[in-house]
Amino acid sequence: MNIFSGLEKIVETNYPLAKHTWYGLGGPADYFIRPKTVKQLQDVVRRCNENKIPIYVLGFGSNLLISDEGLRAAVIKLEADAFTQTKFDGQKVTAGAGAELSKLVLTCVQKGLSGIEGLTGIPGSIGGAVRMNAGGNFGDIGSAVEFVTVMDIHGNIFEKKKPELVFDYRSVNITAKFIISAYMELNPSDPEQIMRTVKEMWIYKKNSQPLNTRNCGCIFKNPPPFLLSQESRGASAGSLIDRAGLKGLQIGGAVVSEKHANFIIAGKNCTGRDIMELIDTVKQRVKEQFDTDLELEIEIWK
Ligand SMILES: Cc1cc2nc3c(=O)[nH]c(=O)nc-3n(C[C@H](O)[C@H](O)[C@H](O)COP(=O)(O)OP(=O)(O)OC[C@H]3O[C@@H](n4cnc5c(N)ncnc54)[C@H](O)[C@@H]3O)c2cc1C
């Protein structure tokens, strides 16, 4: 019997994932599922559980490397209308997990609402941004989020609020499998001033990141200062990689960016394996030189 009988319209099999990742890499998933409603999502999750099918939740794939062999699993993407709405109520906004972060940033600018303009230039969905606590030197999404609506692996839906909800560097203490939406509180501000910040951020990104390449943002997290020796204290992952002389290092079609050493670019004919090997090499060389274990910021699904 077909595991997903009755749900054929939202379930595709042996589905290539590459087109759903920023790297443009990734083999097929056994099941690629795009539920149209929360109820359908619950149904899908129940059937996956009953049939012991592992579940992966995909946002916009801007922080992911998926193996060339693909996944013997169900990959679920919340891209239907039910998951992509944003609703404003004065300076508060509820954003669906599948909504696009950059669009929300721009809408907030137009409405003269400050709080998430520091996320300018970060690709991805609201769900992915919350899961990763996306951000940087100019702030992170966690500082604007008051609560999230989540769904656990059994289909139970509940809210998690601050102060119970705690955001940290590129992480959050959400254990539920699905983020359904996020409620944010913003601050009224001068739209022109916010726009100036947005423009400054774009110039900063343009000057420091290899835009217009296939990449996944920063590969590694910045190491906590206490793990570094006195002379390297406070160094970012990118600067350690640079100081190890690894800019331009290439394996197959994967190359360490000359512009930002913490970016690995997928060039022509690049495979997921090339990137994984380059990641391992970079880690090893940084370990040898600085006695520091770099931790991945991106996720690898294999
Ligand atoms: C050019 C470029 C620049 C970048 N710059 C930055 C930056 O400055 N700062 C920064 O923090 N990041 C940056 N990133 C990384 C990336 O954009 C962020 O991590 C982003 O938040 C990922 O969102 P996504 O929707 O693409 O998530 P995905 O990559 O699809 O998934 C990432 C994680 O989120 C989970 N996830 C996604 N949606 C949901 C959901 N609805 N429920 C539960 N879990 C979910 C996935 O399972 C996975 O664990 C950059 C990436 C690129 C390509």
Side-chain angles (χ1 to χ4, degrees), residues 38 41-42 45 55-60 62-63 76 78 82-105 107-109 111-189 194 197 201 217-218 220-227 234 236 295-299:
V38 171
L41 175 63
Q42 288 168 315
V45 167
I55 295 173
Y56 290 84
V57 193
L58 178 67
F60 286 9
S62 62
N63 202 48
I76 300 180
L78 304 182
F83 302 104
T84 56
Q85 305 293 321
T86 51
K87 281 189 210 112
F88 282 87
D89 174 12
Q91 62 196 75
K92 299 163 190 155
V93 59
T94 307
E100 191 172 345
L101 176 64
S102 58
K103 278 193 188 153
L104 183 65
V105 170
T107 311
C108 289
V109 174
K111 287 181 178 286
L113 292 171
S114 166
I116 58 169
E117 63 276 15
L119 305 173
T120 298
I122 302 181
S125 65
I126 297 295
V130 171
R131 172 65 84 205
M132 300 306 304
N133 189 19
N137 296 339
F138 303 90
D140 53 42
I141 195 163
S143 46
V145 174
E146 289 300 312
F147 70 85
V148 288
T149 303
V150 295
M151 192 184 104
D152 68 18
I153 198 69
H154 308 291
N156 303 309
I157 294 176
F158 55 96
E159 283 175 359
K160 189 156 178 162
K161 294 188 171 121
K162 280 180 177 168
E164 192 201 337
L165 178 68
V166 182
F167 289 90
D168 206 339
Y169 173 51
R170 300 292 88 79
S171 70
V172 61
N173 63 344
I174 297 173
T175 49
K177 191 82 184 169
F178 298 90
I179 295 158
I180 303 290
S181 64
Y183 175 92
M184 288 168 255
E185 285 202 8
L186 306 159
N187 306 301
S189 189
I194 312 174
T197 308
M201 292 206 52
C218 288
F220 300 103
K221 291 182 181 177
N222 293 324
F226 66 87
L227 282 184
S236 64
E295 201 187 313
L296 280 180
E297 177 167 327
I298 64 158
E299 267 188 42

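Keep in mind that the numbers below use all heavy atoms, side chains included, and drop hydrogens, waters and symmetry copies. Predicted model only: the values in this text are computed from it and were never measured.
A cation-pi arrangement is found for Lys111 relative to Phe88, the charged atom lying closer than 6.0 Å to the ring centre and inside a 45° cone about the ring normal.
Contact of the Ile180 side chain with the Leu41 side chain is registered, since non-hydrogen atoms from C-beta on lie closer than 4.5 Å. The closest side-chain heavy-atom distance from Ile122 to Val105 is not below 4.5 Å. A 4.5 Å side-chain heavy-atom check between Tyr169 and Lys221 finds at least one atom pair inside the cut-off. Side-chain contact between Leu186 and Cys108: present, with at least one pair of heavy atoms (C-beta onward) separated by less than 4.5 Å. Put simply, the side chain of Gln91 does not reach to within 4.5 Å of the side chain of Glu185, judged on heavy atoms. Under the 4.5 Å side-chain criterion, counting only non-hydrogen atoms from C-beta, Ile194 is in contact with Ser114.
Atom CE of Met132 is separated from atom CG of Asp140 by 12.0 Å, given to the nearest 0.5 angstrom. Within the model, atoms OG1 of Thr86 and NZ of Lys103 stand 9.5 Å from one another, a figure rounded to the nearest 0.5 Å.
Atom NZ of Lys87 has 12 or fewer heavy atoms from other residues, nucleotides or ligands within 6.0 Å.
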From CA spacing to verdict: side-chain contact (heavy atoms from CB on, under 4.5 Å), Ile126, Leu104: CA-CA 9 Å; Ile126 297 295; Leu104 183 65; 3.7 Å; yes

Criterion side-chain contact (heavy atoms from CB on, under 4.5 Å) on Val172 and Val145, from CA distance to verdict: CA-CA 11 Å; Val172 61; Val145 174; over 6 Å; no

Audit row: Val148, Tyr183, side-chain contact (heavy atoms from CB on, under 4.5 Å) steps and yes/no: CA-CA 6 Å; Val148 288; Tyr183 175 92; over 6 Å; no

Verdict with supporting geometry, Met201 and Phe138, side-chain contact (heavy atoms from CB on, under 4.5 Å): CA-CA 9 Å; Met201 292 206 52; Phe138 303 90; 3.5 Å; yes

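Here the options are Ile76, Asp152, Val150, Ile157, the test is side-chain contact (heavy atoms from CB on, under 4.5 Å), and the partner is Phe178; only Ile76 passes.
Closest approach of Ala176 to Phe158, counting heavy atoms only: CB-CZ, 4.2 Å. In terms of heavy atoms, Gly59 sits closest to Ser125 at CA-OG, 3.7 Å. Pairing each heavy atom of Ile116 with each of Ala144, the nearest pair is CG2-CB, 3.8 Å. Glu297 and Cys218 get closest at one heavy-atom pair: CB-O, 3.7 Å. In plain terms, the two heavy atoms of Ile174 and Arg131 that are nearest each other are O-NH1, 2.8 Å.
Residues that satisfy the side-chain contact (heavy atoms from CB on, under 4.5 Å) test with Pro123, not counting sequence neighbours, are Trp22, Ser62.
The salt bridge (Lys or Arg N to Asp or Glu O under 4.0 Å) analysis of residues 167-184, with sequence neighbours excluded, yields no pairs.
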